[in-house]
Amino acid sequence: MARLRLGVLISGRGSNLQALIDAAADPAFPAEIAVVISNIADAQGLQRATDAGIETCVIDHKVHDGRAAFESALTEALEAYQVRLVCLAGFMRLLTKGFVDHWRDRIINIHPSLLPAFKGLNTHERVLDYGVKFTGCTVHFVRAEMDDGPIIVQGVVPVISGDTPDRLATRVLQVEHRIYPLAVRLVAEGRARVVGNAVNIDVKDHEAEDIILVNPQA
Ligand code: GRF
């Protein structure tokens with residue numbers, strides 16, 4: 001069966017992009033990366049894509065006259081590469097309702113908290129300030145409100161004594177790298193169906209543990 005064509009949008013380091021590149025290197029993975037688009041010309045993730053032989057494209061928000069023009073350029077590039085699923089992976093621009101509606105249920109994001117808690121930036125600092133005992137990460141379909149939308153997969157990470165934002169970020173990131181490819185696989189295989197505000201997952205027996213709880217120590 002044809003693999004689902006992904007367009008990955010980045011702004012920086014691209015470690016989640018790398019996790020998708022690594023997953024897609026397996027011919028059995030049901031998706032392939034058609035293009036990586038960055039709004040930042042020297043984003044580290046662009047080099048990761050080039051190293052993997054993946055096409056890249058820089059669309060700088062600063063050279064476009066307003067959000068609508070920037071987002072039209074994004075959609076034009078994504079459509080030129082026949083992208084069927086847009087994966088936000090550390091993409092640091094807020095997207096308008098027009099763009100998000102155009103790609104409705106065909107655009108997903110990863111966020112380093114257990115949504116709907118701790119939306120927005122400086123997540124790990126706020127997690128530690130609040131004193132929650134568990135945090136984690138979420139892959140979700142994107143809606144117009146920031147870090148909102150039907151949840152596909154979450155991974156749970158315990159907060160432990162002595163955690164700093166950096167230490168916590170490192171442990172959460174390890175789990176991000178597991179759940180993003182998993183979420184893409186579920187979407188690509190048609191096993192993640194949006195029903196109202198939720199996503200129904202068609203779970204296979206051996207996957208149940210990964211989908212419900214990803215433990216970094218496992
Ligand atoms: C990740 O923590 C992701 O959850 C958030 O931005 C960060 C991107 O990191 N949306 P990377 O560029 O994938 O390494």
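Nothing here was measured: the structure is a model prediction, and the numbers come from that model. Every number for a ligand or one of its atoms is a count from 1 in the order of the listing.
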Give the residue, atom name and distance (to 0.1 Å) of the protein heavy atom nearest [atom].
| atom | value |
| --- | --- |
| atom 4 (O) of ligand 1 | E176 OE1, 2.6 Å |
| atom 9 (O) of ligand 1 | R13 NH2, 3.0 Å |
| atom 8 (C) of ligand 1 | G90 CA, 3.6 Å |
| atom 13 (O) of ligand 1 | N16 N, 2.9 Å |
| atom 11 (P) of ligand 1 | S15 N, 3.4 Å |
| atom 12 (O) of ligand 1 | G14 N, 2.8 Å |

Checklist entry - Under 3.5 Å, N or O to N or O, is I110 touching ligand 1 that way? => result yes

Are [X] and [Y] close enough that some pair of their side-chain heavy atoms sits under 4.5 Å apart?
| X | Y | value |
| --- | --- | --- |
| D163 | R171 | yes |
| R13 | L173 | yes |
| P150 | R143 | yes |

Next on the checklist: Counting only heavy atoms not in N197 (residues, nucleotides, ligands), do more than 12 fall under 6.0 Å from its CG?
Outcome noted: no

Checklist outcome for this item: Heavy atoms of A77 and I59 approach each other most closely as CB-CD1, 3.8 Å

Hey, can you pull the donor-acceptor pairs under 3.5 Å for the side chains in residues 114-125, sequence neighbours left out?
residue	atom	partner	partner atom	Å
K119	NZ	D148	OD1	3.4
T123	OG1	G120	O	3.3

